[in-house]
Amino acid sequence: MKSDTMNRNQIKQINDYLYEIPADASPGMKVPARIYASEKLIREMDTAVFTQIINVTTLPGITGPALCMPDAHSGYGFPIGGVAAIDPDSGIISPGGIGFDINCGVRLLSTSLTYNEVRPRIKELVDTLFRSIPSGVGSGGIVKLTDSQFDEAMVKGSKWALEHGFGTPSDCEFTEENGMIRGADPSAVSQRARERGAGQIGSLGSGNHYLEVQVARKGNIIDPATAAIFGINKDDQVMIMIHTGSRGFGHQVATDYLQLFASQQKRFGYALPDRELACAPFRSKEGQDYFSAMNCAINIAFLNRQLIIHKTREILHEMFGRTRGLTVNTVYDVCHNTAKLEKHTVNGKEKILLIHRKGATRAFPPGSRDIPESYRRTGQPVLVGGSMESGSCIMCGTESGSPGLYTTVHGSGRVMSRHEAKRHFNGRELQKRMESHGILIRTASFSGLAEEAGGAYKNMNDVVDSAEKAGLGKVVATLEPVGNIKG
DNA sequence: ATGTTC
């Protein structure tokens, strides 16, 4: 049992949407911890979040404050919604700061369809998507890759899909890292991870992973000019959002290296407050191997989402191809579980830092060279998946996000554990209730559905509002769910 | 999140 030494009155309020735990609050803290949240959200946070972010401030090489986003809740080692900048020369890389589902992320598609055109066939659409896109625990993938294909896919990510006819160049253009991150080395990946991964490419998985059919209602477009640049330009436009990651592959990579790192803590000279923070010096062989394997998992997750959207596009063309000028375009694909080398200004100095983001979304500002050219004036699209009942949100990165390492929320954030949610909600009743609210839902598991009930999550509007007021991005539009394929 | 405890 971990000791919970945190005392809420150690948290100092800096302004309405920012709190700080000073570096002298607890022994071993190298930097302060900062929590971006409204008073309501910080009150609702489990104290384990504060203990965990204090633990993060003790990590070797941490530079600038450790951060929590407004949707933070406790996770393995780091909180989900936790962000840490680590000096790559003197510091560590920690799988617990990235998450088991490496490159869990969100892809948003815009279609040229309006809801009026889709509504008469929504049941058929949702049924076809559910039948065609594998979902649920242990599900197989849309394609099964051979060993040599998988080796190539780990390096090429979404580019592999493009080369094999599963996508368009603009899918890659509008994906973070163009769907192919550098530094992926398959030799750092275990045979077991390969075996788990090769059969799962193009599958949703379980838990909070889903494919959602959404409608952009005119009244929910907050910033029409930016929304138009993101491809939302008609009333009641149909959008598709996908939330999934690297499946069993990333999970195995994380497990392999957590075990290795845990066995080496003494040798590395680390005595961390929580064994779940097991890490390696970034510049060590072990650290570099994990970084290489993690980059493979980042690419596999990009490829996974790419195959799912390609299948979705095919289905939309089969069903609605007679609609004049049908288009299905990637608006953006963004990660929320990664560690990436980025240039940031901390304490007035520019430096390359290893940014761990766990359940936290990159939100680069206007002018950034690392976002598609057509978004340089708006800032990077940020895709925030709400709970399946509350809808989702599109934000964009802003210059005011600099103190927050250009990072923002990733979703609503749980308030109820999965176990607790299953006691509170019944999956079949929930499905009926949602259908009565105009949300058609298909699921591989009704107990899994109950775990994802809207009531198990924080209010998405609270979370997004706090992020915006804290300067961590701007709201562009909210999207209303009408159909959901849930793992 | 996860072949949901190799």
Side-chain angles (χ1 to χ4, degrees), chain A residues 48 52 71-82 94-107 134-141 144-145 150 189-211 242-260 262-263 276 278 293-294 296-298 300-302 304-305 308 334-339 356-361 385 387-388 410-414 416-423 427 443-452 456-457 485-487:
Chain A
Q52 288 188 328
D71 54 338
H73 53 113
S74 64
Y76 184 91
F78 277 55
I80 295 158
S94 178
I98 293 154
F100 278 89
D101 189 8
I102 296 165
N103 188 7
C104 190
V106 182
R107 173 89 66 123
S135 64
V137 176
S139 64
K144 168 96 177 83
L145 273 62
F150 195 75
V189 172
S190 71
Q191 189 53 33
R192 197 170 180 187
R194 285 161 198 265
E195 282 163 11
R196 287 183 71 174
Q200 293 187 324
I201 308 285
S203 64
L204 278 173
S206 62
N208 63 358
H209 287 170
Y210 58 81
L211 179 153
I242 289 140
H243 177 216
T244 185
S246 50
R247 306 282 285 103
F249 179 72
H251 191 275
Q252 192 61 48
V253 167
T255 303
D256 290 343
Y257 281 93
L258 273 166
Q259 274 175 7
L260 173 68
S263 73
E276 294 182 355
M294 182 206 59
C296 289
I298 288 179
I300 288 298
F302 283 140
N304 186 32
R305 292 194 287 274
I308 292 169
V334 68
C335 318
H336 51 235
N337 280 7
T338 61
H356 288 66
R357 290 190 182 91
K358 180 189 194 178
T361 312
S387 77
M388 56 190 186
H410 83 304
S412 290
R414 295 196 83 89
M416 216 180 266
S417 70
R418 295 185 174 281
H419 190 73
E420 211 178 332
K422 261 195 281 207
R423 280 200 324 244
T443 180
S445 155
F446 281 97
S447 68
L449 187 67
E451 293 176 358
E452 297 303 317
Y457 283 84
I485 312 303
K486 217 206 70 56

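Here is how names work: the chains are called A, B, and so on, in the same order as the sequence lines, proteins then strands, and each is numbered from 1. Atoms considered below: every heavy atom in the structure, side chains included; atoms not considered: hydrogens, waters and symmetry mates.
- By the 30° and 60° cut-offs, the orientation of the rings of A:His356 relative to A:Phe78 is parallel.
- Residue A:Lys486 contributes atom NZ, which lies 16 Å from atom P of B:dT4 at whole-angstrom precision.
- Atoms CD1 (A:Ile300) and C1' (B:dT2) sit 17 Å apart, rounded to a whole Å.
- Between A:Glu451 and A:Arg418, it is A:Arg418 whose nearest contact on DNA chain B lies nearer the 5' terminus.
- Contact annotation for A:Gln259: no contact, since no heavy-atom pair falls under 4.0 Å across all strands.
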Before you tell me yes or no, could you show the steps for A:Glu451 and A:His419 under side chain to side chain contact (heavy atoms under 4.5 Å, CB included), namely the whole-Å CA-CA distance, both residues' side-chain angles and the distance that decides it to 0.1 Å?
CA-CA 7 Å; A:Glu451 293 176 358; A:His419 190 73; over 6 Å; no

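- Among the protein residues, A:Gly248 comes within range of the sugar-phosphate backbone only, with heavy atoms under 4.0 Å from sugar or phosphate atoms but none that close to a base.
- Taking atom CG on A:Leu258 and atom C1' on B:dT2, their separation rounds to 13 Å, with Å as the unit.
- Using a 3.5 Å distance cut-off with no hydrogens or angles, the side chains of A:His336 and A:His243 do pair a donor with an acceptor.
- The interatomic distance linking A:Glu452 (CD) with B:dT4 (C1') rounds to 13 Å, in whole Å.
- Contact annotation: A:Ser206 does not reach the phosphate of B:dT4 (side-chain N/O to OP1 or OP2, under 4.0 Å).
- Listed nucleotides: B:dT4, B:dC6, B:dT2. Nearest to the side chain of A:Arg192: B:dC6.
- We find the CG-CD1 distance between A:Asp71 and A:Ile80 to be 9.5 Å, quoted to the nearest 0.5 Å.
- Contact annotation: A:Arg247 reaches the phosphate of B:dT2 (side-chain N/O to OP1 or OP2, under 4.0 Å).
- Rounded to whole angstrom, the span from the CG atom of A:Asp101 across to the P atom of B:dT4 amounts to 15 Å.
- Below 30°, between 30° and 60°, or above 60°: for A:Tyr76 and A:Phe100 the angle between ring planes is above 60°, a perpendicular geometry.
- Rounded to whole Å, atom C1' of B:dT4 lies 17 Å from atom CG of A:Leu449.
- Between A:His243 atom NE2 and B:dT2 atom P the separation is 10 Å, expressed in whole Å.
- Summarising the geometry, the separation between CD on A:Gln191 and C1' on B:dC6 is reported as 16 Å, rounded to the nearest angstrom.
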